[in-house]
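Residue numbers begin at 1 in each chain, while the letters A, B, ... track the order of the sequences.
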2 protein chains.
Amino acid sequence: MANRSDTKTRILDAAEKLFAERGFSETSLRLITSKAEVNLASVNYHFGSKKELIRAVLARYLDVFMPAAADAIVAVRQENANASLDAIFSTLVAPLLDLNQLRAEGTTTFLQLLGRGYIESQGHLRWFITTHYGEYLGLFVNAVAESAPHIPPAEMFWRLHFTLGTVVFTMASADALTEIAEADFGEHNDIEAVIRKVIPYLSAGVSVPLTKDVI
Amino acid sequence: MANRSDTKTRILDAAEKLFAERGFSETSLRLITSKAEVNLASVNYHFGSKKELIRAVLARYLDVFMPAAADAIVAVRQENANASLDAIFSTLVAPLLDLNQLRAEGTTTFLQLLGRGYIESQGHLRWFITTHYGEYLGLFVNAVAESAPHIPPAEMFWRLHFTLGTVVFTMASADALTEIAEADFGEHNDIEAVIRKVIPYLSAGVSVPLTKDVI
DNA sequence: GTTTAATTTAAACGAGTGTTTTAAATAGAT
DNA sequence: ATCTATTTAAAACACTCGTTTAAATTAAAC
């Protein structure tokens with residue numbers, strides 16, 4: 001067969017779509033290769049294993065998003081050293097939406113992949129992300145911590161994981177939720193609308209004073 | 001072999017532990033039956049299928065928790081018709097901790113199972129929970145909604161799912177998180193401590209005024 | 001105590017998985 | 001055009017999974 005557009009790319013494109021929709025372990029290599037119209041063995045030839053394919057799919061997004069997000073955060077903090085928590089979270093909106101220019105439905109796909117990645121795959125994707133993109137994560141965590149200086153580090157640790165849970169769960173089931181919301185309340189939400197809904201929720205939770213302080 | 005303590009119960013006990021630790025699809029029937037020291041086929045004999053075993057494991061907790069939680073909420077609202085959001089969420093703490101008297105590590109196991117249930121199993125557990133325990137869920141949703149009357153229903157729908165995400169994700173990975181927290185910050189948190197951390201976070205997020213209102 | 005029903009056992013089934021192998025086809029370099 | 005390395009192709013491998021079957025055992029009923 002003639003050399004049609006890069007087998008490797010065809011695999012990645014088909015895989016990311018299916019992974020986002022159905023999760024990693026629920027997506028077989030046979031399904032991916034049939035959608036991509038390539039041979040089954042080509043996955044192991046080009047990527048070595050399914051595990052490495054999953055990492056490659058995520059890396060293709062993270063390599064674009066992480067530097068862009070880091071730049072945006074640095075820029076915001078240069079403008080305003082006391083940027084609010086809302087402002088820090090909002091900084092991520094543009095880099096997220098820019099992924100739609102990278103690929104169709106890029107933003108949704110990326111966020112769903114991220115959700116699947118943290119939920120499934122007992123730790124190996126967590127490890128991959130924190131070791132390969134740890135500096136970016138640290139930058140973000142610092143920015144959040146300094147925007148809520150009244151929250152001690154140990155408490156912030158928990159609250160950021162609460163936040164991670166909110167984002168990851170919401171995005172992994174975003175499609176189902178928007179459908180229900182449309183059916184029950186008649187309001188249509190695209191991915192940007194959902195992101196803009198979640199930001200105030202997150203910053204309120206992260207920055208709420210400790211109960212000891214209140215009493 | 002002599003009639004040792006109920007095969008059915010042995011299966012349920014082994015299954016709930018493994019399901020909570022590793023998730024449903026990552027736990028094979030062979031692993032369950034070997035831990036329970038029963039024959040492989042007895043699962044299908046007593047429960048019909050793996051899917052029905054999963055439901056039975058969850059039902060054993062939900063049948064205890066849901067009525068207890070509903071009673072607690074009704075009681076709190078009778079005492080104080082204007083109970084705060086924090087009070088509504090806190091109402092669930094006692095019924096949750098009471099599960100530790102039902103079985104060892106009952107609270108943690110139940111919350112982890114709930115998390116796995118909503119994350120995995122593309123919808124069939126969601127359906128099972130909402131159809132079998134929908135009245136209890138409705139009671140809770142109403143209590144929350146009336147404690148935050150400034151949040152319109154459509155917005156509340158989203159925020160409650162954000163909340164669900166926080167709880168589900170946190171609990172599904174509670175073991176890993178408490179370990180990290182202990183290693184990094186030297187503070188030990190049992191399941192009750194985590195629950196008490198998450199409540200102010202949740203009520204702050206759910207009740208935060210809409211951004212339109214603020215501007 | 002015999003018969004009947006309920007339960008446990010061991011073995012196999014059939015379908016699905018990721019991966020490997022071996023050969024054929026294609027591309028690029030000389 | 002020939003040689004070499006890369007890529008694609010079809011098939012088989014080795015394994016795990018949930019489920020089913022049919023015989024053996026145990027418990028219950030009469």
Let me have the donor-acceptor pairs involving side chains of residues 85-96 of chain B, under 3.5 Å, with sequence neighbours excluded, atom names and distances please.
| from | atom 1 | to | atom 2 | distance (Å) |
| --- | --- | --- | --- | --- |
| Asp86(B) | OD2 | Ser203(B) | OG | 2.8 |
| Ser90(B) | OG | Asp86(B) | O | 2.7 |
| Thr91(B) | OG1 | Ala87(B) | O | 2.8 |

>> Please give me every residue in residues 43-52 of chain B whose heavy atoms get under 4.0 Å of an atom in DNA chain C, ordered by residue number.
In response: Tyr45(B), His46(B)

> Which residues satisfy the side chain to side chain donor-acceptor pair (under 3.5 Å) test with Arg55(B), sequence neighbours excluded?
Replying inline: none

> Heavy atoms under 4.0 Å, any strand shown: does Ser42(A) hit a base, just sugar-phosphate, or nothing?
Replying inline: nothing

Heteroatom pairs (N/O) under 3.5 angstrom, protein to nucleotides 10-14 of chain C:
none

>> Once side chain to side chain donor-acceptor pair (under 3.5 Å) is applied, do any residues pair with Thr170(A), and if so which ones, sequence neighbours excluded?
In response: none

> Which residues pass the side chain to side chain contact (heavy atoms under 4.5 Å, CB included) test with Asp13(A), sequence neighbours left out?
Replying inline: Thr9(A), Arg60(A), Arg103(A)

> Residues in side chain to side chain contact (heavy atoms under 4.5 Å, CB included) with Ser42(B), at least two apart?
Replying inline: Thr7(B), Ile11(B), Val38(B), His46(B)

> Considering residues at least two apart in sequence or located in another chain, which fulfil the side chain to side chain donor-acceptor pair (under 3.5 Å) criterion with Thr130(A)?
Replying inline: none

> Which residues satisfy the salt bridge (charged side-chain N to carboxylate O under 4.0 Å, His left out) test with Lys17(B), sequence neighbours excluded?
Replying inline: Glu21(B)

> side chain to side chain donor-acceptor pair (under 3.5 Å) with Thr109(B): which residues, sequence neighbours excluded?
Replying inline: none

>> Can you list, in residue-number order, the parts of residues 53-60 of chain B that come under 4.0 Å of DNA chain C, counting heavy atoms only?
In response: none

>> Once salt bridge (charged side-chain N to carboxylate O under 4.0 Å, His left out) is applied, do any residues pair with Arg22(A), and if so which ones, sequence neighbours excluded?
In response: none

> Strictly under 6.0 Å, is that where the ring centroids of Phe169(A) and Phe169(B) end up?
Replying inline: no

